[in-house]
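To start, the structure under review is shown below, and the notes come after it.
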Amino acid sequence: MEFSHEVKDSYAEVRADGRLNMVSAPKLREYVTDVIAGGSSRIVVNLEKTGFMDSSGLGALIGCLKAARQAGGDLRIASVQPQVKMVLELTSMDRVLTSYASPEEAFSND
Amino acid sequence: MTDVLAQRSFRGLADLDAIESVHDELDGLWEDAPFVQDVDQMTFATAVIESASNIVQHAQPAKALRPVELGVEISVQPTLLQARVSAFHAKPPFGPMTPGTPGDDSESGRGLALIHALVTTVTFERQDGTNTWVLTRTSQD
């Protein structure tokens, strides 16, 4: 999995391209923690190229959400693909991790 | 006799590299059996990776000097997907084998429930020091 991020006007967009599994989940946590430490607590995780996520990956997103909120911000997800959507729905975590069609929409109403 | 249309297998040390190898075997299986519907590929692959990850994360070696090995055998049959996901040289599982219901802010504990939601049957076997999850998914046709 490859990570990158871009700081926008009102949020930071983190891209997580590849498989979000027990191999990459700790790396996502670390990456997002560093972005938050860099001063961006409003995070959008762009999952456009995340073709797979398991419960480890889901756990990492929840950990990142908690870290963002503890820093006074929030974490939202965007461009969710079918397998990730399925995992979110089957675990009912789609109630907790708010999903948006695009990164631009995630904080557009705040 | 069972009519196996495609099959893949993996065996190796139960470590993080093994998870990526199982992903690769699953990708190869779907290339060999492109007639399997996308929803069946997606759900079954997720269940197999969850089971393999459970072994890598939790399986304990039965003997100190012999590490746990992960074995995965996946087959495509006309109306059935089946996987045997095994922990070789492992102690019997410690702790509950039933799905948990973690709170919304919990970062773990959803794997077993997810496996049960994704497949048609889940059974567990222990024989000769090997723990095996047998997962089946019946085609949605």
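The structure displayed is predicted, hence computed values, not measured ones.
Across A/V35 and A/A12, no two heavy atoms sit closer than the pair CG1-CB, 3.9 Å. Between B/T138 and B/T120 the shortest heavy-atom distance is N-OG1, 2.9 Å. The minimum heavy-atom distance between B/A87 and B/A59, with the atom names listed, is CB-CB, 4.2 Å. A/F52 approaches A/V84 most closely through the heavy-atom pair C-CG2, 4.4 Å. Closest of all the heavy-atom pairs between A/D54 and B/E50 is CB-OE2, 3.1 Å. Shown here for B/P92 and B/R126, the closest heavy-atom pair between the two residues is CG-NE, 3.4 Å.
Contacts of residues 72-80 of chain A with chain B at a heavy-atom distance below 4.5 Å are absent; not one residue qualifies. Residues from residues 58-71 of chain A that place a non-hydrogen atom less than 4.5 Å from a non-hydrogen atom of chain B comprise A/L58, A/G59, A/I62, A/G63, A/K66, given in numerical order. Within residues 86-110 of chain A, the residues approaching chain B closer than 4.5 Å by heavy atoms are, in numerical order, A/M86, A/V87, A/L90, A/T91, A/M93, A/R95, A/V96. The interface of residues 14-23 of chain A with chain B, defined by heavy-atom distances below 4.5 Å, comprises A/R19, A/N21, A/M22, A/V23.
Of the two parts of B/I19, only the side chain, counted from C-beta on, holds a non-hydrogen atom closer than 4.5 Å to a non-hydrogen atom of chain A. Proximity to chain A (any heavy atom under 4.5 Å) is shown, for B/T43, by both the backbone and the side chain.
Two residues are said to be in side-chain contact when any heavy atoms from C-beta on lie closer than 4.5 Å; B/L26 and B/I49 meet this criterion. Counting heavy atoms from C-beta outward, B/D24 and B/F10 have side chains that stay 4.5 Å or more apart. Residues B/Q82 and B/V134 have side chains in contact (heavy-atom distance under 4.5 Å, counting atoms from C-beta outward). Side chains of B/F44 and B/L118 form no contact here, defined as non-hydrogen atoms less than 4.5 Å apart. Between B/W133 and B/N54 the shortest side-chain heavy-atom distance falls below 4.5 Å. In this structure, the side chains of B/V85 and B/L70 come closer than 4.5 Å at one or more pairs of heavy atoms. When side chains are defined from C-beta on, B/H89 does not count as touching B/K63, because their heavy atoms never get closer than 4.5 Å.
Residues B/T136 and B/T121 have side chains that bring a donor and an acceptor to within less than 3.5 angstrom of each other. Counting only N and O atoms by type, the side chains of A/E2 and A/S4 include no donor and acceptor under 3.5 Å apart.
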Practice problem: Apply side chain to side chain donor-acceptor pair (under 3.5 Å) to the pair B/T46 and A/Q83, showing each step before the final yes or no. | Solution: CA-CA 8 Å; B/T46 308; A/Q83 190 274 348; 2.9 Å; yes

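Rounding to the nearest 0.5 Å places CH2 of B/W30 at 12.0 Å from CD of B/E25.
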